[in-house]
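Letters A, B, ... mirror the listed sequences (proteins, then strands); counts begin at 1.
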2 protein chains.
Amino acid sequence: MDGDLIPLERPRAERADAARNRRLLLETARRMIDEAGAENVTMDGLAEQAGVGKGTVYRRFRTRAGIFVALLDAEERGFQQRVLSGPPPLGPGGDPVDRLIAYGQGRITFLLENHAVARAAMGQNRPVPVAGPGLTRPHIRVLLEGAGVGADHLDALTLQLAAALEGPVLLYLTVPDPGEAEGERSLRALAEGWKVLVTRVCRT
Amino acid sequence: MDGDLIPLERPRAERADAARNRRLLLETARRMIDEAGAENVTMDGLAEQAGVGKGTVYRRFRTRAGIFVALLDAEERGFQQRVLSGPPPLGPGGDPVDRLIAYGQGRITFLLENHAVARAAMGQNRPVPVAGPGLTRPHIRVLLEGAGVGADHLDALTLQLAAALEGPVLLYLTVPDPGEAEGERSLRALAEGWKVLVTRVCRT
DNA sequence: AGCATAAACGGACTTTACCCCGGTTAGATT
DNA sequence: AATCTAACCGGGGTAAAGTCCGTTTATGCT
């Protein structure tokens, strides 16, 4: 019998060289995106630029979309921290409806800033990695509950609101990379729309 | 000077052979989807099965996603007719909120039935052809106006509701091809969610 | 009917995502 | 420290998307 359970639960630590290559690849990818745009990041090119073999890139990220998912994940950490333990209205402690509105504004900002990457992360296969897991739905659900939405409508409204939040950027936004002014206008319009929607849905 | 303006406005009718090949390709594509699934439809394969050259397929549909967009368009015609000139509550004549609810149910049904094709129509590049143009947004807008939504919130709510309607199926639905029972449950849940959302948004 | 022209056609070519497998190396075990 | 093993590395191979361009054909005009 093996008395030590920890190693079984965490099957194996990431090897040092693997971690180094992961960081190297993410940095290289970010640089390539900045220089030439997300659509010009190829697996071969990334491997060459980073000075590793093609197989390494695929081992790390499974698929092309996986690169962008990983990039987005890293980028999202900061925002998630502010949501979970930052000051109100985004962080815990305020009125649930205000938190919902603030969360939407933050999420829209994030999606717009990383629009190209977010779109690239939607490989045409599988669950849509950007929107699928993540904090958005559980968070919306908790806040709706706190705002007094009845349990019989909770799941339904959570899904609808999540889609209303992420849909416009992921589905409808056509401009590849909104310029300064354009992006600002989009942000205002979407944040305002979200606020109106949440207000209407949550009023008693 | 050229006195005849009509030919200038309608540059040229589609050539007979082109139209024939368009129909042939759409039929072949549909058959291939039924037999092997949308993800196994390749441009080369489609051209070969239809007995035309690859260049022809690309001329007709621009891109792989274009095939599925065209297929979806054709499929959607019937539903659009019922919306524009069928009996209430879907067609004109009833309460705007009821029409909105009925439209959502119809649209969800359509998207679920053509889920594989709809997802395949979302080429990871650019405007997202399924959700972009189409009847959904203008129709929602008109009905919201009819339901007494103030003009200052009209555009915003139109966008949010359109995303709430199409987002769940296009972004979140993970099951490749929902089976009989599974699909039925999804339909009920999504239609119910839409109804709750619209009711809450439109109540005065 | 014959002709001019613009559109459609076809297939070879290029690029790129993704697979595979032999060789190598980091870490655990004794 | 030596060894063992699983994970990592690399680059060549395949299939499919999308481009190009020379050839063929339908359609409008005289």
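Using a 4.0 Å heavy-atom distance criterion, A:Arg22 is classed as making no nucleic acid contact.
Distance, B:Arg62 CZ to C:dA8 P: 13 Å, rounded to whole Å. The distance between atom CG of A:Leu46 and atom C1' of C:dC18, rounded to the nearest whole Å, is 14 Å. Here the P atom of nucleotide D:dG10 and the CZ atom of A:Arg60 are 11 Å apart, to the nearest Å. Rounding to whole angstrom units, CD of residue A:Glu48 and P of D:dC9 are separated by 18 Å. We find that CD of A:Glu39 is positioned 15 Å from C1' of C:dT15, with the value rounded to whole Å.
For D:dC9, the OP1/OP2 oxygens have a side-chain nitrogen or oxygen of A:Asn21 closer than 4.0 Å. The phosphate of C:dG10 has OP1 or OP2 within less than 4.0 Å of a side-chain N or O from B:Thr56.
Relative to the ring axis of A:Tyr172, B:Arg137 places its NZ or CZ within 45° and under 6.0 Å from the centre.
For A:Thr63, the side chain to side chain contact (heavy atoms under 4.5 Å, CB included) partners are A:Ala65, not counting sequence neighbours. Residues forming a side chain to side chain donor-acceptor pair (under 3.5 Å) with A:Arg15 (at least two apart in sequence, or on another chain): A:Asp17. Every residue two or more places apart in sequence or in another chain was checked for a side chain to side chain donor-acceptor pair (under 3.5 Å) with A:Glu192, and none qualifies. With sequence neighbours left out, A:Arg59 forms a salt bridge (Lys or Arg N to Asp or Glu O under 4.0 Å) with no residue at all.
Aromatic ring orientation, A:Phe79 versus A:Phe110: parallel (interplanar angle below 30°, classes split at 30° and 60°).
For the pair B:Glu27 and B:Arg30, the salt-bridge criterion is not met [side-chain N within less than 4.0 Å of a carboxylate O].
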For nucleotides 21-26 of chain D, print each protein N/O atom paired with a nucleotide N/O atom at under 3.5 Å, atom names and distance only.
unit_1	atom_1	unit_2	atom_2	d
D:dA26	O4'	B:Arg15	NH2	3.4

Please list, pair by pair, any protein nitrogen or oxygen found under 3.5 Å from a nitrogen or oxygen in nucleotides 13-17 of chain D.
unit_1	atom_1	unit_2	atom_2	d
D:dG13	O6	A:Lys54	NZ	2.5
D:dA17	OP2	B:Met43	N	2.8

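Considering only heavy atoms from C-beta on, A:Pro89 stays 4.5 Å or farther from A:Ile101 through its side chain. Looking only at side-chain heavy atoms (C-beta outward), B:Leu159 and A:Leu190 come within less than 4.5 Å of each other.
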